[in-house]
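For this chain, numbers begin at 1 and follow the sequence in order.
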Amino acid sequence: MATIKDVAKRAQVSTSTVSHVLNKTRFVSTEITQRVQQAIHELHYTPSALARSLKVNHTRTLGMLVTSSTNPFFAEVVQGVEQRCYELGYSLVLCNTGGDVSRLQAGLDMLQQKRVDGIIVMCTQASPDESAFEHRAGMPMVMADWGPAQLNADLIKDSGHEGGRLATEHLLALGHRHIGCITGPSGQRASDERLAGFYAAMATAGLAVNPDWVQQGGFELEGGEQAMGRILQQANRPSAIFACNDMMAAGALRALADAGIRVPEHMSVIGYDNIELAGFLVPRLSSIEQPKAALGALAVDTLLERIHHPEVPRRVLPLAPALVARESTAKLAI
């Protein structure tokens, strides 16, 4: 592999001159510039990003930790992050934690060893005060929808309480009064807030919640299917279900189809996140929209501001959810 010294020798110039041509840090005559560029072409020389980063103390590389890049919600946010990085000339190193604290720790260690300029953390570990962050005060970070409250990192916050309320109010507006909820793992902020929004909307409507109709689905397809199965085993069934993410809603639709229960004729279902898949399910799934591409772009922009202005006080940036009504919800048949 050719080095900058090889280029300098071929062009018959100094290595500093080659560097100035590459980085445009000083005027170099047209003749010498052409000789250097010709030597680079002939030798197939590629500048070392690592060497450059050691010299200027930044790599133009960002790290990102997600619970699972195979989950469509995370995948769509990652796509937004990658697009924004590309637009701004940054590279992205992605790590999955699988919801495991030890993998979170290992991912943070690896990203720091690779000298990334900053890290976006979008994980859903149950505990909000993981010790993995204790010794990383010098690393610029943005927490996307989750993070230790005491950490000096910006937080982009899903307004889960408002979103849960919007979903439930949509069902109430359609005439439903017997409404159940398939929730994520207890102790996770997103899950707890969306469930709290559900309870708040029901309380405002003066309606009690049947505890047998509130089942945990773990934010995954299989969990949603199993939770819906447990609800269907009850002597009385709700006329509508709010699932706290679209993956669980899709699993619930599977359980309803297997039981011969038509949606929305026999039961309405609304999800949360409005992943791309929601518009392709049968019936198409009503959902609460989270602006995933915008979330990814905002995470990158916020992190770069933190990198360039580390003295700025910690910020909490809320995201506004919105209702997307489709065919899986309908007025209650009387």
Side-chain angles (χ1 to χ4, degrees), residues 62-69 71 73-74 76-82 84-85 88 90 92 94-97 99 101 104-105 107-108 111-112 116-166 184-197 219 244-245 272-273 288-322:
L62 303 180
M64 184 173 186
L65 290 157
V66 297
T67 299
S68 172
S69 60
N71 182 303
F73 170 73
F74 289 113
E76 291 179 35
V77 174
V78 169
Q79 186 176 23
V81 170
E82 289 181 321
R84 190 60 175 154
C85 284
L88 298 176
Y90 279 76
L92 181 69
L94 180 66
C95 300
N96 291 323
T97 70
V101 176
L104 171 66
Q105 177 77 59
L108 287 168
L111 292 173
Q112 285 197 286
V116 298
D117 295 337
I119 300 174
I120 298 168
V121 181
M122 191 172 190
C123 302
T124 52
Q125 274 71 18
S127 174
D129 57 350
E130 303 299 349
S131 59
F133 297 94
E134 286 181 354
H135 306 295
R136 305 181 192 277
M139 172 60 70
M141 287 190 190
V142 168
M143 319 302 285
D145 202 26
W146 172 90
Q150 72 276 16
L151 187 68
N152 185 29
D154 298 307
L155 172 63
I156 300 174
K157 185 178 181 295
D158 163 38
S159 301
H161 189 281
E162 181 183 355
R165 180 182 56 78
L166 281 175
S186 62
Q188 291 189 12
R189 192 185 60 78
S191 177
D192 293 345
E193 288 192 357
R194 295 171 193 181
L195 180 61
F219 281 147
C244 290
N245 82 340
Y272 199 110
D273 289 334
I288 299 300
E289 162 72 13
Q290 285 205 83
K292 294 164 287 298
L295 191 162
L298 179 61
V300 173
D301 291 344
T302 303
L303 180 57
L304 293 180
E305 289 181 25
R306 172 62 53 192
I307 291 169
H308 296 136
H309 304 285
E311 74 287 350
V312 174
R314 180 178 190 259
R315 292 166 295 175
V316 177
L317 307 172
L319 294 173

- Is it the case that more than 12 heavy atoms not belonging to Q79 sit under 6.0 Å from its CD atom? no
- Item | Shortest non-hydrogen separation from R314 to A153 and the atoms involved | NE-O, 2.6 Å
- Might you work through the side chain to side chain contact (heavy atoms under 4.5 Å, CB included) test for L304 and Y90, ending with a clear yes or no? CA-CA 10 Å; L304 293 180; Y90 279 76; 3.6 Å; yes
- Residues forming a salt bridge (charged side-chain N to carboxylate O under 4.0 Å, His left out) with R306, sequence neighbours excluded: D154
- Taking H309 for the side chain and E305 for the main chain, is one N or O donor matched with an acceptor at less than 3.5 Å? no
- Kindly write out the residues that satisfy side-chain contact (heavy atoms from CB on, under 4.5 Å) with C95, not counting sequence neighbours, or none if the list is empty. L65, M110, L111
- Message: Does any part of the side chain of V66, heavy atoms only, come nearer than 4.5 Å to the side chain of T97, both counted from C-beta?
- Response: no
- Would you call R189 and D158 a salt bridge, using N to O less than 4.0 angstrom? no
- Passes side chain to side chain contact (heavy atoms under 4.5 Å, CB included), N245 versus R194? Steps please. CA-CA 9 Å; N245 82 340; R194 295 171 193 181; 4.2 Å; yes
- Positive for side chain to side chain contact (heavy atoms under 4.5 Å, CB included) with I119, one of L108, L303, L62: L108
- Residue pair M122 / A144: nearest heavy atoms and the distance that separates them: CG-O, 3.4 Å
- Where M64 and V77 come nearest, the two heavy atoms and their spacing: CE-CG1, 4.2 Å
- Query: If every non-hydrogen atom of V300 is compared with every non-hydrogen atom of C85, which pair is closest and at what distance?
  - Reply: CG2-SG, 4.0 Å
- Drop me the distance from I288's CD1 to R165's CZ, to the nearest 0.5 angstrom. 9.5 Å
- Taking every heavy atom of S159 against every heavy atom of Y272, the minimum-distance pair comes out as O-OH, 3.7 Å
- Between T302 and R315, is a side chain to side chain contact (heavy atoms under 4.5 Å, CB included) present by the stated rule, with each step listed? CA-CA 9 Å; T302 303; R315 292 166 295 175; 3.5 Å; yes
- Query: Of all residues at least two apart in sequence or in a different chain, which pass the side-chain contact (heavy atoms from CB on, under 4.5 Å) check with P291?
  - Reply: E289, A294, L319
- Message: On a heavy-atom basis, which atom in C244 and which in G184 lie closest, and how many Å separate them?
- Response: CB-N, 4.3 Å
